[in-house]
Structures are given as C-alpha cells and as structure tokens.
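Data block below; observations after.
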Amino acid sequence: MANADLFDPTLIKREIDPRFGEIKGVKVGTLFDNRKACAAKGVHSKPMAGISGTVKEGAFSIVLASGYKDDKDEGETFIYTGTGGQEDSFSGGGPQVEDQTFDHPDNAALKKSVETKRPVRVIRGPNRDSKYAPAKGYRYDGLYIVEDAYMGKSKDGYQICQYHLRRLPDLPPLPLNPDYRGSD
DNA sequence: GGGCCCGCAGGG
DNA sequence: CCCTGCGGGCCC
C-alpha cells in the first residue's frame, strides 16, 4: 500500500491483525443504520464506546458523534475528546463532572496510536454541530492518523484528553452535513 | 421530543 | 470473569 512509509516497521503485525486498517468490502463513505450495524461489519465492534482498541497496540477505530462538546470537526482534521468523566455515561452525554485521564484504557489506546502511527478507522455519527457529520446513521470516513494527544480543558472546566486526527491523503471528499447549524 | 433504562462485546 | 461505554427504542 502507498502509505506503508507511515507505519512503524516494528509493528508490521498489522498485516496479521484484522482489527486494524481497512475492512474488506467496506468502502469509504459507507453508511450504517446504527452502531450495531457498524459492529456487525467489524468497522467498530463496541456497541456504545467511542474508542475501540488496546493499550498495547493502539486504537482500531473511533466514533465521532455528539455528546462531547469539546470536539472540533474540520473534516480532514479534527479534535477528538477522550472518554470518561461524563455525568451520565448511559444516556451518552451530559457535562463533564470529573477530569479525564490517560489512565483510562480507551484513552490510553488512542494515545498509543500517536506512537505507532497506525491509522485509525473513523466513523461519524449524527451531530448538528459538525459540518461533516451524516444527517442520519453512521458513516465510515476512512483512515486517520492520530498526530497528537494531550491534556486540555473542557468547556465545563475539567481536564480532558484531546487528540488531533488527520485523514490520510487521496480519500474521497467528505459529504457536507445538511443539518449543520453552525455559522461557517 | 425528552427522559429513561435496557443489553452486549471485548479488553484487561 | 467484570465492568464500562460518543445507543437506541419506547413510553409518555
């Protein structure tokens, strides 16, 4: 593959771990009805959690949806917020009520991806605050590199884990969100 | 439309 | 095994 130089050569077992990288038969732009459908195709196997991966090998995939107001989606790049510290994790949302930390296994996994440089599958869910989110369902938007991970401050004043993601070059353009409610 | 509460995959 | 999580359906 053309992006081979982006991978850490010591982590070549990407070739034997089917959880990383493109999923056979799932094209960039594929739309899924719900999270269960994403899981069924192996695009993102967790029913609710936004980050799928391991602490040792890094993240396989992440879901960008509403629920974390500190995300900033610019399409080819975006800022993602880690998991944890929310008021009601079951209802999937609410303000931060405590600090996030990279000790959380999911946050640690995504941080690990900065080191490994292994691209992560990105799935966008409905989010009226994102210019690039699908109006409905969950869309596979291709592979992104996690360029950076650092602690930041949420709008609620708590410490949060944040990540800079950048899309691999030469992927199909991202569709615009018809329901976007932002100004730009 | 909002509040509520259900299951389940999988990593550690 | 155990616990958690950027859903989702249902009821009002």
Side-chain angles (χ1 to χ4, degrees), chain A residues 11 13-14 16-21 23 26 31-75 77-113 115-116 118 120-142 144 146 149 152 154-156 158-165 174 177 179-182:
Chain A
L11 291 167
K13 67 181 154 187
R14 173 182 184 280
I16 61 169
D17 192 331
R19 294 175 297 181
F20 283 102
I23 301 296
V26 179
L31 198 58
F32 299 92
D33 285 347
N34 48 43
R35 291 288 297 267
K36 204 193 269 181
C38 295
K41 284 287 182 184
V43 175
H44 188 81
S45 58
K46 302 237 181 188
M48 308 174 85
I51 302 170
S52 173
T54 73
V55 174
K56 291 171 86 77
E57 300 199 72
F60 315 134
S61 54
I62 64 174
V63 176
L64 263 127
S66 53
Y68 286 83
K69 299 301 286 175
D70 299 288
D71 288 358
K72 192 155 141 267
D73 191 1
E74 294 177 352
T77 64
F78 61 86
I79 294 173
Y80 190 73
T81 307
T83 191
Q86 284 200 133
E87 182 178 50
D88 183 3
S89 60
F90 246 138
S91 314
Q96 294 299 126
V97 290
E98 62 181 39
D99 292 343
Q100 293 183 353
T101 150
F102 287 117
D103 292 338
H104 188 295
D106 288 348
N107 292 341
L110 194 52
K111 185 173 165 43
K112 183 73 178 180
S113 296
E115 299 170 34
T116 67
R118 276 179 175 173
V120 170
R121 285 185 301 277
V122 168
I123 297 96
R124 279 186 174 81
N127 181 0
R128 294 188 58 204
D129 293 320
S130 164
K131 239 167 135 174
Y132 305 96
K136 184 173 172 296
Y138 291 80
R139 191 184 63 223
Y140 171 56
D141 280 340
Y144 284 66
V146 189
S154 74
K155 289 173 182 165
D156 304 307
Y158 290 91
Q159 292 290 112
I160 52 173
C161 301
Q162 295 198 292
Y163 306 87
H164 280 189
L165 282 278
L174 295 166
N177 180 5
D179 293 339
Y180 179 55
R181 62 180 166 193

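Here is the naming used below: chain letters follow the sequence lines, and residue numbers restart at 1 for every chain. For clarity, every value in this text was computed on a predicted model and none was experimentally measured.
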What nucleotide among [options] has an atom nearest to a side-chain atom of [X]?
{"X": "A:Y80", "options": "C:dG7, C:dC6, B:dA9", "answer": "C:dC6"}
{"X": "A:T54", "options": "C:dG8, B:dG12, C:dG5", "answer": "B:dG12"}
{"X": "A:P47", "options": "B:dG11, C:dG5, C:dC6", "answer": "C:dG5"}
{"X": "A:V55", "options": "C:dG5, C:dG7, B:dG12", "answer": "B:dG12"}
{"X": "A:Y68", "options": "C:dC6, B:dG12, B:dG7", "answer": "C:dC6"}

### Query
Strictly under 6.0 Å, is that where the ring centroids of A:Y144 and A:F78 end up?
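Centroid distance A:Y144-A:F78: below 6.0 Å, so yes.
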Atom [atom1] of [X] and atom [atom2] of [N]: how far apart are they, to the nearest Å?
{"X": "A:M48", "N": "B:dC8", "atom1": "CE", "atom2": "C1'", "answer": "10 Å"}
{"X": "A:I123", "N": "C:dC6", "atom1": "CD1", "atom2": "P", "answer": "13 Å"}
{"X": "A:K56", "N": "B:dG10", "atom1": "NZ", "atom2": "C1'", "answer": "17 Å"}
{"X": "A:K72", "N": "C:dC6", "atom1": "NZ", "atom2": "C1'", "answer": "19 Å"}

Classify the nucleic acid contact of [X] as base, sugar-phosphate or nothing, counting any heavy atom under 4.0 Å across all strands shown.
{"X": "A:R19", "result": "sugar-phosphate"}
{"X": "A:D71", "result": "base"}
{"X": "A:S52", "result": "nothing"}

### Query
Got a donor-acceptor pair under 3.5 Å from the side chain of A:N127 to the base of C:dC6?
no
### Task
Name all residues meeting the ring-ring contact (aromatic ring centres under 6.0 Å, His included) criterion together with A:F60; count only those two or more places apart in sequence or in a different chain, and write none if there are none.
A:F20
#### Entry: Partner residues of A:D71 under the salt bridge (Lys or Arg N to Asp or Glu O under 4.0 Å) criterion, sequence neighbours left out
none
Is there a side-chain polar atom (N or O) of [X] under 4.0 Å from OP1 or OP2 of [N]?
{"X": "A:H104", "N": "C:dG5", "value": "yes"}
{"X": "A:Y138", "N": "C:dG7", "value": "yes"}
{"X": "A:R35", "N": "C:dG5", "value": "no"}
{"X": "A:S45", "N": "B:dG10", "value": "yes"}

### Query
Taking the six-membered ring for Trp, are A:Y163 and A:Y80 parallel (under 30°), tilted (30 to 60°) or perpendicular (over 60°)?
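Answer is tilted, since the angle falls between 30° and 60°.
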### Task
List in chain and number order the residues that pass side chain to side chain donor-acceptor pair (under 3.5 Å) with A:R139, two or more places apart in sequence or in another chain; answer none if no residue qualifies.
A:D141
#### Entry: Partners meeting side chain to side chain donor-acceptor pair (under 3.5 Å) with A:K131 (sequence neighbours left out)
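Counting only residues at least two positions away or on another chain, A:K131 forms no side chain to side chain donor-acceptor pair (under 3.5 Å).
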### Task
For DNA chain B, produce a single dot-bracket line, 5' to 3'. Pairs: Watson-Crick or G-U wobble, both distances under 3.5 Å. Symbols: ( ) within strand, [ ] crossing, | other strand, . unpaired.
||||||.|||||
Using a 3.5 Å cut-off and no angle test, enumerate the donor-acceptor pairs between side-chain atoms of residues 37-45 of chain A and protein atoms at least two apart in sequence or in another chain.
| residue | atom | partner | partner atom | Å |
| --- | --- | --- | --- | --- |
| A:H44 | ND1 | A:S61 | OG | 2.8 |
| A:H44 | NE2 | A:R35 | NH2 | 3.3 |
| A:H44 | NE2 | A:A49 | O | 2.8 |

